[in-house]
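Below is one structure, written out as structure tokens; the observations come after it.
Here is how names work: the chains are called A, B, and so on, in the same order as the sequence lines, proteins then strands, and each is numbered from 1. Note that these values count all heavy atoms, side chains included, but never hydrogens, waters or copies made by symmetry.
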Amino acid sequence: MSDASSPLIVHGTGPAGDPLLDGLNPPQREAVEYRGPALLIVAGAGSGKTRVLTHRIASLLRSREAWPSQILAITFTNKAAQEMRERVEQLVGDGARGMWISTFHSACVRILRREAEQFGFTSSFTIYDSGDSRALIKRLVKEHEADALGLTPAAVQSKISKLKNELSDADAYARTVSHDDPAERVFIEIFRDYEKQLRRANAFDFDDLIAQTVYLFRAFPQVADVYRKRFRHILVDEYQDTNHAQYALIHELTRPVQSSQDVGGGMLALLDEGEAASLTVVGDSDQSIYAFRGADIRNISEFERDFPGAKVVLLEQNYRSTQNILDAANAVIANNFDRKAKNLWTDAGTGEKVVGFTGYSQHDEAQFVADEIEALHRAGAAYGDIAVFYRTNSQSRALEEIFIRAAVPYKIMGGTKFYERAEIKDALAYLVAVANPADEMALRRILNKPKRGIGAVTETSIARFAEDHGITFRDALANAAELGVGPKLQAAIAQLDTVLREATEIMLPASGEAAPPTSVTEGLQLLLNKSGYYDALRASRDPQDEARVENLDELVAVTREFARNNPEGTLLDFLTEVALVADSDDLDDESGSVSLMTLHTAKGLEFDHVFLTGVEEDLIPHRISAGEPGGPQEERRLFYVGITRARKRLYLSLAMTRAQFGEVSVAMPSRFLQEIPAHLIDWRQSPGDVNGRGGTQSRALNARRPASGSDRWGVKPLPAGGGLKPKSTAMDRFPGLVTNKVRDNGDLELAPGDRIRHDDFGEGRVDAVTGEGAKRIAHVRFDTAGAKKLLIKVAPIAKL
DNA sequence: CCGTGCAAAAAACTT
DNA sequence: TTTTGCACGG
């Protein structure tokens, strides 16, 4: 425990009327006001940690204990960073300028760009995302014929990533394993090659960004000192999800300054030589869900041992959810044994019960979700306040299919990401080829895109020529005539070379003067036009290519947007931003759409109404987690994270059957459901109601159940005469219909008053038609299924 | 070197 | 179900 002798006096006004402390509960205040070398804020879900962090920063700035430039705040996503910056700005206005508020990765990129020359890179290095790494590893695995030894690209990639997160490298790893094992030997060769290729390409992968920064600091203490002197207050959010490399980075930065080298800059005059920066970390071990990525829960559980004298503040009051939701969450997480007891509570009242629903199929489940969303919407909820979570990205498809038909506006976060689309990666590879000519991967990628007749043979001759003459792959392109290839190919290569040159002149003028902010947009357009990429897509008769052109237009729009936001932004800045954005970052908006995302993406967010879907064994907990140490416990935390995102209403849904890879299999309710006290759940349709498939078999099975109303699912007996409203879906006719190909009703005209027939919902009357063109929506009152909205173009309907 | 067609694999989460 | 990888013929 830290003593109370902290000499610093907090400037400013007394406890009453202080805008930074008003409305905070006592532990929150303490977390804002405490001054000392190390502070751990254990912040339960929804306990206001962002508020505490921002107020703490504002408090440091207001009292002049720190200049903005002396503050480094690390968050997990760019979105969280942006939000924190905005909230600090609200508190202190312009005084926030100069702070580093960013993710681990962006902060490291900034440092590496400045210091790359120190250790054999140039500051124009590029960043390989996981897809780029996989492509490179795939090639190496093939070259080493490693698949024969059971080394798949995926396995190699994850092993390399794990090792880098532990700050190991190929040489270090080689010392720890037996060389008798041929698989290990080949793995080490591949690892070495991988490192070599990255270095040659002047590139870092995601893991390198952290690990290489740590190496840099350790190998060049005087460089590390620059940052140690600069950052006097370091704050780390989501500390429970840091891995060893990130932990080491924080340790390096909070070491006492070693040398007294002068680095210039008036602000630095303030600090005491030799004193370590103060460290604040915020986290909740119950929300640690990234062990698979190397997150080490011990970083937070042993914080007090790592930083003797650290102060610990516990935030348990929840300001987000109703008591019922918290009771459910507490009950679930209590099943994890090795955790410190913690109980979230609220004074917001009991609230609604958790709603449960069991569908016959994933489509049935999705239909329930869509219907319920519409009901919420009619009751006044904004779509933007509703979210649907699932464990795996593949589950989004069924939801999407139903949502499109029900005309529920939705938005998928993550999933098939924009920046992972082939055409976008191609376009970016063109930009990388300009920004970092050493990057062979990028060049090889665009060599034959669009088709220029350059195949593997020609590619090899270029590589050989480069090697023979001691020049780079990029420079070899300038010598088309000497490559020993046919005249057609020579022309193609020369043309590519010219296009790249012209683009370079625009984006990185040789004159040395800074390129104008519009240069990235211009350069990209030139590359896409003159390379023939656009033309090839437009000439294609593949309908998907139309969408590709649109995506590329979108990318051009992104460059414009970037130029607007970053008038000084260079090509490299643009590429860096693109490489480090996650798609969870662009959920900026009040766009009026329901948000669909994985449970992982949901971390750190909150919504009024939350649907947690696919609550089944083998999904959550996921099948693969069963074999991993701590796997099921991490899955439980993930489930807990999902529950605690909800402010007002929580829905838990599952399906009895689930199709994957086109095969239908029977699904079991998740064990986590049983961990929630039965009285908290209001089952609209419990697992017991839908045993067997469809209505036929279930009766027999139901008969065998113990007296209804008392089984472990807390099933209530169904009122005999059908006091319930009809089921939202006509299940007997449902299977198969929804999964049919998207139909096209063309110009089907509907007007209020028309009678229609729907394949699933039967007959109904059109109340109104809204929207235009392909987005026209019919509001229909069905005779038995109630009111629905239908997208006219694709709904399985016919006019009567 | 390119396109076609069939076989086989694939999907757990992310900076 | 959808995507990717390979073999083959042009």
**Fill in**
With sugar-phosphate taken as primed atoms, P, OP1 and OP2 and all else as base, the protein-contact string of nucleotides 8-13 of chain B at under 4.0 Å (heavy atoms; B, S, -) is --BBBB

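The NZ-P distance, from A/K449 to B/dC1, rounds to 15 Å in whole Å. We find that NZ of A/K164 is positioned 21 Å from P of B/dT14, with the value rounded to whole Å. If you take CG of A/N78 and C1' of B/dT14, they are 12 Å apart, rounded to a whole angstrom. Spacing between atom CZ of A/R139 and atom P of C/dG5 amounts to 15 Å, rounded to whole angstrom units. Per the geometry, CD belonging to A/E401 stands 12 Å off C1' belonging to C/dT2, to the nearest Å.
Counting non-hydrogen atoms under 4.0 angstrom, A/K138 reaches the backbone sugars and phosphates but no base. Heavy atoms of A/N448 sit under 4.0 angstrom from primed sugar atoms or phosphate atoms, though from no base atom. Nucleic acid contact for A/K142: sugar-phosphate only, since backbone atoms but no base atoms lie under 4.0 Å from a heavy atom of the residue.
Place A/A579 and A/A456 on DNA chain B by their nearest nucleotides, and A/A456 ends up nearer the 5' end.
Aromatic ring centres of A/H600 and A/F292: separated by under 6.0 Å. In this structure, A/Y390 has its ring center at least 6.0 angstrom away from the ring center of A/F611. Aromatic ring centres of A/Y239 and A/Y247: separated by at least 6.0 Å.
Geometrically, A/R113 engages A/F125 in a cation-pi contact defined by less than 6.0 Å to the ring centre and at most 45° from the axis. Cation-pi contact between A/R293 and A/Y290: present, with separation from the ring centre below 6.0 Å and deviation from the ring axis of at most 45°.
Straight-line distance between the P atoms of B/dC13 and C/dT4: roughly 16 Å, to the nearest whole Å.
A close approach under 4.0 Å does occur between a side-chain nitrogen or oxygen of A/K451 and OP1 or OP2 of B/dG3.
Under 3.5 Å, the side chains of A/E365 and A/S653 contain a donor-acceptor pair of N or O atoms.
Consecutive pairing runs in DNA chain B reach the stem threshold at B:1-10 with C:1-10, where a stem means at least three Watson-Crick or G-U wobble pairs with distances under 3.5 Å.
Counting heavy-atom neighbours within 6.0 Å of A/R464 CZ, excluding the residue itself, gives a total of 12 or less. Surrounding CD of A/E546 are at most 12 heavy atoms belonging to other residues, nucleotides or ligands under 6.0 Å away.
With A/D237 as the partner, the salt bridge (charged side-chain N to carboxylate O under 4.0 Å, His left out) test is satisfied by one option alone out of A/K603, A/K49, A/K79: A/K49.
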